[in-house]
Each structure stands twice: as C-alpha cells, then as structure tokens.
There are 2 protein chains.
Amino acid sequence: MRVDQETDAIERLAYAGGRLTRARRLIARTAAQLHGAFTIDTLAERVRVTDAASGANATVYRAVAAMERAGFLTRVGERGGHALFARCSTRGHHHHIVCETCGRVAHADCPLTQAIEASNAQGFRITRHEVTMYGLCPECAARTGS
Amino acid sequence: MRVDQETDAIERLAYAGGRLTRARRLIARTAAQLHGAFTIDTLAERVRVTDAASGANATVYRAVAAMERAGFLTRVGERGGHALFARCSTRGHHHHIVCETCGRVAHADCPLTQAIEASNAQGFRITRHEVTMYGLCPECAARTGS
DNA sequence: ATCCAAGTGAGAATGATTCTCACGTAAGCC
DNA sequence: GGCTTACGTGAGAATCATTCTCACTTGGAT
Ligand SMILES: [Zn+2]
Ligand SMILES: [Zn+2]
Ligand SMILES: [Zn+2]
Ligand SMILES: [Zn+2]
C-alpha cells in the first residue's frame, strides 16, 4: 500500500522535519481525518483500529506533542478532564470556539486587545492569556432547537 | 480563645449555612488572611502551622469546594498544575488577572461581549467561556524593570 | 551496508484530586 | 443540659491523565 503524495506531504508537515516512523505516519494520517477537536484517547483508539501495534498511549502522547511543536495541531480546550486538540495551522494569534456536542472547532479573533490595554494602563503587564469559548456550532444549535 | 465578631462573620459567610467545625473555621480564617491567589497545598500547609491536626489534604479540598459553592472563593487560574483560588465575592460576571510573581489578583471586565455577538451572528451559540490573564502586577512589574 | 540518535512500547511512576469508611461532633430538639 | 443524627474529618487508598524508564527498533544520513 503506497502512500499517495498528498498524504505523504501531510505526514511530513505534521512533524516538521522529525523522523517519519510507521507509528507517526499513521497517527498524523488519523489526526488529519478526525473532524474538529479530539482527545488523545480517541485518537489512540482510532489508530489502534488500523494497526493495533502502533497506538501505544505514550507514543500517541509524544506524537501529538511533536505535532503541536510543529504547529500542525493546537490544544483547543478540554472536555471531561481530557485535553482537546485540533488541526490548526493558522498563523497569527487567535482563539478557538469548541462545539460541546460535535467538537467542531471555529476560530475567533482575540477579543483582548482593549482589555490588555486597560490592564496596562493600570500598571499591569499582561504576559499570557487564555480564552476559550464553548457552545454549540450552527448545526448542533439547530438540531437542539432554539 | 474566643473568636471575635468579625472573624466569626467571615467564617459563617465562607460556608453559607454549612456547619462550622474547628477545621472549617481555621481554614476559612487562614484563606482570608492569604493575599491574592493560593493553591490548596499552600493553604493546607498554613493551616497545619496553626493546628497540625486540622489540615488534612482531603479536608482542605472539601472546605475549599464548600467555600467556592458559597461564593466566598473563586478559582482564578492555575500555576504549575495546581489550581489557584482567591477570595472573591464580587457579584456579576467578570474575570481575573493573576500576577505570576506574587499572586496578586485583579478583576477584569468581560471582554467577550462583542466576540460572543460575532459568534452568534455566525450561528454559534456560546454557552461557556474562560478568560484568564496572567502577568505582572504593578509592583512586580516595577521591581522587574521595564 | 553501517551506524546511531530518535522513536517505540510496556509498564511503572507521578501527582493532583477524589473517594472510602470508621469515627467525631455541630446543630436542632426535648 | 442531654439525645439524635446527619454532616464533617482524617488517614490512606483509589483514580486517572499524563510523563517517565529502559531495553529494543529503525529512519535516514553517510
Ligand atoms: Zn456541533
Ligand atoms: Zn488573545
Ligand atoms: Zn505581583
Ligand atoms: Zn466573560
């Protein structure tokens, strides 16, 4: 089973120059197929469906960390104590909206420019901030009714 | 050693009608004395300094949860994997700025009104959001130099 | 083909938080 | 003041996501 060019490109992109092992290839391919946000557990399970020998938890954790470093995945929140990740290679500072029903992820501009300026005016120097919005995506909102 | 009226009022406030045990009184008094954000560990240690028999970790965890329910404490972020709490009885929706050096906590108005409206306009229904800013309070910023 | 640093897997370790359960004691009632 | 009982306590075990250890494998440069 040869790997087509697009898949190969995605796998190389995911690890930004790191080694492409059998496990890493499969993990990147699986992550790219998942829609929206996913937990490490979910990803690991899906990987094991394809190859039971390549989905060790520790390996998936390490692969996700590598893909995060490479800018291929981003942590977009948490659900039930599990970290949520999603494919996000968007450049520039922004935040995420995570649908609590289906996990769909949308981007949001940073709403803090004014808040940070206001804080700076009070003498604070903001060095880091976190903004995460959870809710329902348009489809899930429609399904749930007004 | 009789408890003065103010201290007694604080302790009663902290648990909003729950039982006032020896441990709970001491934990509330200690939490009220701490400035800014603190971790459960720190609070438990300080409690044990005053009364080694009243600072069991589980008890402090439960007392903090009760004080959070009562609206006396609020979770204001996290530091090094430990949840950060601070005294905050301010009514109304708002967020917090936590000094990463000294733990001082400031309030911040919610900057998301427009962001939420923008999301709603796209069909999303935002149900929950988290905003936390970390940085340096005026004093720590001055001490660190420009 | 060789080499070796990077990656893997199984399981142990970590570490914050929560649970269990026998015991203690606030608070309401008489 | 005593009685009752549900709520709180403490010690330690349990949970559970994540990270680490270590012997083994392998990608990929030469
Ligand atoms: Zn959805
Ligand atoms: Zn931002
Ligand atoms: Zn400070
Ligand atoms: Zn807000």
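In the text below, chain A, chain B and the rest are named by the order of the sequence lines, each starting its count at 1.
In this structure, OG1 on Thr74(B) lies 8.0 Å from NE2 on His107(B), to the nearest 0.5 angstrom.
Between Ile27(B) atom CD1 and dT9(D) atom C1' the separation is 10 Å, expressed in whole Å. Computed from coordinates, the Leu20(B) CG to dA27(C) P distance equals 5 Å when rounded to whole Å. Note: OH (Tyr15(A)) to P (dT26(D)) measures 17 Å, nearest angstrom. Between Arg79(B) atom CZ and dA16(C) atom C1' there is a gap of 15 Å when expressed in whole angstrom units. Rounded to an integer number of Å, the gap from CZ of Arg24(B) to C1' of dG10(D) is 14 Å. One atom, CG of Leu43(A), and another, C1' of dA17(D), lie 15 Å apart when rounded to the nearest Å. Rounded to a whole Å, the CD atom of Glu78(A) is 18 Å from the P atom of dA16(C). Distance Leu84(A) CG to dA17(D) P: 13 Å, rounded to the nearest Å.
At a threshold of 4.0 angstrom between heavy atoms, the contacts of Ala53(B) are confined to the sugar-phosphate backbone, with no base atom among them. Using a 4.0 Å heavy-atom distance criterion, Ala83(B) is classed as a sugar-phosphate-only contact.
Taking 3.5 Å as the limit, the base of dA27(C) and the side chain of Arg19(B) contain no donor-acceptor pair of atoms between them.
At the phosphate of dG9(C), OP1 or OP2 sits under 4.0 Å from a side-chain N or O atom of Thr59(A). At least one side-chain nitrogen or oxygen of Thr21(B) sits closer than 4.0 Å to the OP1 or OP2 atom of dT9(D).
Looking at Arg24(B) and Arg29(B), their side chains never come closer than 4.5 Å, going by heavy atoms from C-beta outward. Using a 4.5 Å cut-off on side-chain heavy atoms (C-beta onward), Gln114(A) and Pro111(B) make no contact.
Judged by closest nucleotide on DNA chain D, Arg22(B) is the one of Phe85(A) and Arg22(B) placed further toward the 5' end.
Comparing dT8(C), dT17(C), dT18(D) by their nearest atom to the side chain of Ile40(B) picks out dT17(C).
In the hydrophobic clustering of ILVMFWY residues, with side-chain heavy atoms under 4.5 Å counting as a link, Tyr15(B) and Val60(B) come out together. Ile27(B) and Tyr61(B) fall within the same hydrophobic cluster, defined by Ile, Leu, Val, Met, Phe, Trp and Tyr side-chain heavy atoms under 4.5 Å apart, directly or through other members. Linking ILVMFWY side-chain heavy atoms closer than 4.5 Å, directly or via other members, places Phe124(B) and Met133(A) in a single hydrophobic cluster. Residues Ile116(B) and Val98(A) do not share a hydrophobic cluster, defined by chaining ILVMFWY side chains whose heavy atoms lie under 4.5 Å apart.
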- Message: Using a 4.0 Å heavy-atom cut-off to protein, can you give one letter per nucleotide of nucleotides 19-25 of chain D, 5' to 3': B if the base is in contact, S if only the sugar-phosphate is, - if neither?
- Response: BBB----
